[in-house]
K.L.:
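The structure's right below; bear with me while I get my questions together.
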Amino acid sequence: MRGVAVVAGGLLLLGGTVLIAVADQQRVDALAEARAAVVQAEERLDEAREANLSLAEQLTALRTTIAEQETLLSDTSGLLP
């Protein structure tokens, strides 16, 4: 009877060790996936920032043009070219 208990205890110990190893591997895999997602998000953010900077430059040029045109339109004396 004692032999059966030792074998059963050994099997439970081995099963527990395998379970812990599998859970740890799943945790490592999940962490790697999370890091990959962060890298992808950072890349998309960098692309969005570049696009935003380009659009801001275009907007500044358009605002300058609009201001010049408004100046011409608001000249009631006719002295401006």
Side-chain angles (χ1 to χ4, degrees):
M1 196 63 165
R2 186 178 297 182
V4 172
V6 169
V7 169
L11 288 174
L12 287 173
L13 182 62
L14 184 61
T17 303
V18 168
L19 183 64
I20 289 173
V22 168
D24 187 54
Q25 184 60 41
Q26 288 178 348
R27 183 190 61 82
V28 169
D29 291 343
L31 186 58
E33 288 177 11
R35 285 184 178 154
V38 167
V39 168
Q40 289 176 349
E42 287 175 345
E43 290 172 354
R44 288 194 314 261
L45 182 61
D46 289 340
E47 292 171 0
R49 283 182 181 155
E50 290 174 9
N52 192 22
L53 181 60
S54 174
L55 291 172
E57 291 171 354
Q58 291 176 4
L59 181 61
T60 301
L62 290 172
R63 284 182 176 164
T64 302
T65 303
I66 289 171
E68 291 171 357
Q69 290 176 355
E70 284 180 349
T71 302
L72 290 174
L73 291 174
S74 65
D75 179 33
T76 57
S77 65
L79 298 175
L80 291 176

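Numbering starts at 1 and runs along the sequence shown. The figures here come from the full heavy-atom set of this structure, side chains too, leaving out hydrogens, waters and symmetry mates.
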K.L.:
Examine distances only and state if a side-chain atom of Thr65 and a backbone atom of Ala61 form a donor-acceptor pair shorter than 3.5 Å.
P.N.:
yes
K.L.:
Rounded to the nearest 0.5 Å, what separation is found between the CD1 atom of Ile66 and the CG atom of Leu73?
P.N.:
11.5 Å
K.L.:
Please tabulate, one pair per line, all N/O donor-acceptor pairs under 3.5 Å involving side-chain atoms of residues 21-49, not counting sequence neighbours.
P.N.:
residue: Asp24; atom: OD1; partner: Arg27; partner atom: NE; Å: 3.3
residue: Asp24; atom: OD1; partner: Arg27; partner atom: NH2; Å: 3.0
residue: Gln25; atom: NE2; partner: Asp29; partner atom: OD1; Å: 3.0

K.L.:
Which residue in the set Thr71, Thr64, Leu72 passes side chain to side chain contact (heavy atoms under 4.5 Å, CB included) when paired with Glu68?
P.N.:
Thr64
